[in-house]
There are 2 protein chains.
Amino acid sequence: MEPLLLDRLLLIGDLFQRDMARAFDGTGLTTARVHLLWVLQHAGPSTQRDLARLCDVTPRNITGLVDGLEESGHVRRTPHPTDRRAVLVELTPSAATTMAEMQREHAELNATLLAAVAPKDRAALERGIAAIASHLETLVAEAAEDRDRTAS
Amino acid sequence: MEPLLLDRLLLIGDLFQRDMARAFDGTGLTTARVHLLWVLQHAGPSTQRDLARLCDVTPRNITGLVDGLEESGHVRRTPHPTDRRAVLVELTPSAATTMAEMQREHAELNATLLAAVAPKDRAALERGIAAIASHLETLVAEAAEDRDRTAS
DNA sequence: TATTGTTATACTCTATAACTATA
DNA sequence: TATAGTTATAGAGTATAACAATA
């Protein structure tokens, strides 16, 4: 029996995550830490509170992730220029280089995978995936609202 | 800037996972445990060793997951009929019902998401995703081989 | 001798709650 | 009074290594 489209989409996410975890095996980096570095690369120096929002985890969790990344030399904590309660977290130069390289490889993988698709199917594929991602986002947001309303 | 196709695929996997975790919030079920139940539903009664292979985790990990699922009444350990070292893990009747319902909802979500795609794009979308999943599977398998060869 | 599962140990990710320092 | 971050505590998922029972 053919797998459902949804099953294939989930398989893709799973394969990607496993592959990334394996790529960083031995470097001390994990999925959660790489995600934080990724967010930092796109957002620039940020407070831990902002990182917590962007990663959708608790502030306490960010403390732990930043502790680990600081120890491994990937990020630095610097004082916030105007708010003495806050710290700014930023990539170290070497981590910034690593992340730029990772972004390049990410774009390359995107191109490789797209090249595996018949040219005549590519435009429809892009449209279809955009529609599905958008629709799923709506569904999840509605489910979250329902849950919040029930909880209150 | 438009997100890459790959980014949208990863977003879909992420949204789905979050949504599932939220759906099971409060029931004691987690992503890892639901995954094990899902595997059990498809494979039928299995030894822990087989479950470890199917879930791609260590046998020790399966011990922990089965302990939790046994306590919550989702699975039962029964003696293996011919191998006294092994146990067979199987769904309880109520968990089997739950999983059948989950599978129905899964198929329904698949249909809902497909309905969000323009009819003329659906065939190309299916072909494209199948091609990408297949290609990515090959890439990951090759990467794993490289790693194993380097390790030896 | 090899395999199945478990005990022992450890680390990461995650959360909630209480607390400190600052705004 | 509210906010940023940390300490304290806890639980789940994961792994490796050593071990018992059985094949």
Practice task
Take nucleotides 13-23 of chain D nucleotide by nucleotide from the 5' end and write B, S or -, depending on whether a protein heavy atom sits under 4.0 Å from the base, only from the sugar-phosphate, or from neither.
Solution key: SBBB----BBS

Practice task
Evaluate whether atom CD of A:Q41 has more than 12 neighbouring non-hydrogen atoms of other residues, nucleotides or ligands under 6.0 angstrom away.
Solution key: yes

Problem - d(CD, B:E70; C1', D:dA12) in whole Å - result: 18 Å

Practice task
Starting at atom CD1 of B:I62, determine the distance to atom P of C:dT3, rounded to an integer number of angstrom.
Solution key: 19 Å

Identify each donor-acceptor pair in which a side-chain atom of residues 48-57 of chain B lies under 3.5 Å from a protein atom, sequence neighbours left out, and give them as a table.
| residue | atom | partner | partner atom | Å |
| --- | --- | --- | --- | --- |
| B:Q48 | OE1 | B:R77 | NE | 3.0 |
| B:Q48 | OE1 | B:R77 | NH2 | 3.1 |
| B:D50 | OD2 | B:T47 | OG1 | 3.3 |
| B:D56 | OD2 | A:R18 | NH1 | 2.8 |

Practice task
Mind calculating the distance between CG (B:L69) and P (D:dG11) to the nearest angstrom?
Solution key: 18 Å

Handout entry: Shortest non-hydrogen contact between B:T92 and B:G73, atoms and distance
Key = OG1-O, 2.9 Å

Fill in the blank from the handout: Separation of D:dT3 atom P from A:D50 atom CG, nearest Å, is 14 Å

Handout entry: N/O (side chain, A:R77) to phosphate O (OP1/OP2, D:dT6) under 4.0 Å
Key = yes

Problem - Enclosure of A:E90 CD (heavy-atom neighbours >12, cutoff 6.0 Å) - result: yes

Practice task
May I ask you to evaluate whether A:T63 reaches the phosphate of D:dG5, defined as a side-chain N or O under 4.0 Å from OP1 or OP2?
Solution key: no

Problem - Whether over 12 other heavy atoms sit under 6.0 Å from A:E71 CD - result: no

Fill in the blank from the handout: Taken in chain and number order and not counting sequence neighbours, the residues that satisfy side chain to side chain contact (heavy atoms under 4.5 Å, CB included) with B:D121 are A:A124, A:R127, B:V117, B:A118

Handout entry: Length of the line joining A:D25:CG and C:dT12:C1', which is rounded to integer Å
Key = 13 Å

Completion exercise
Between CD of A:Q48 and P of D:dT7 the distance, given in whole Å, is 11 Å

Exercise for the section: Find the distance B:F24:CZ to C:dT14:C1' and express it as a whole number of Å. Expected result: 19 Å

Handout entry: Spacing between A:Q17 atom CD and C:dC13 atom C1', to the nearest angstrom
Key = 13 Å

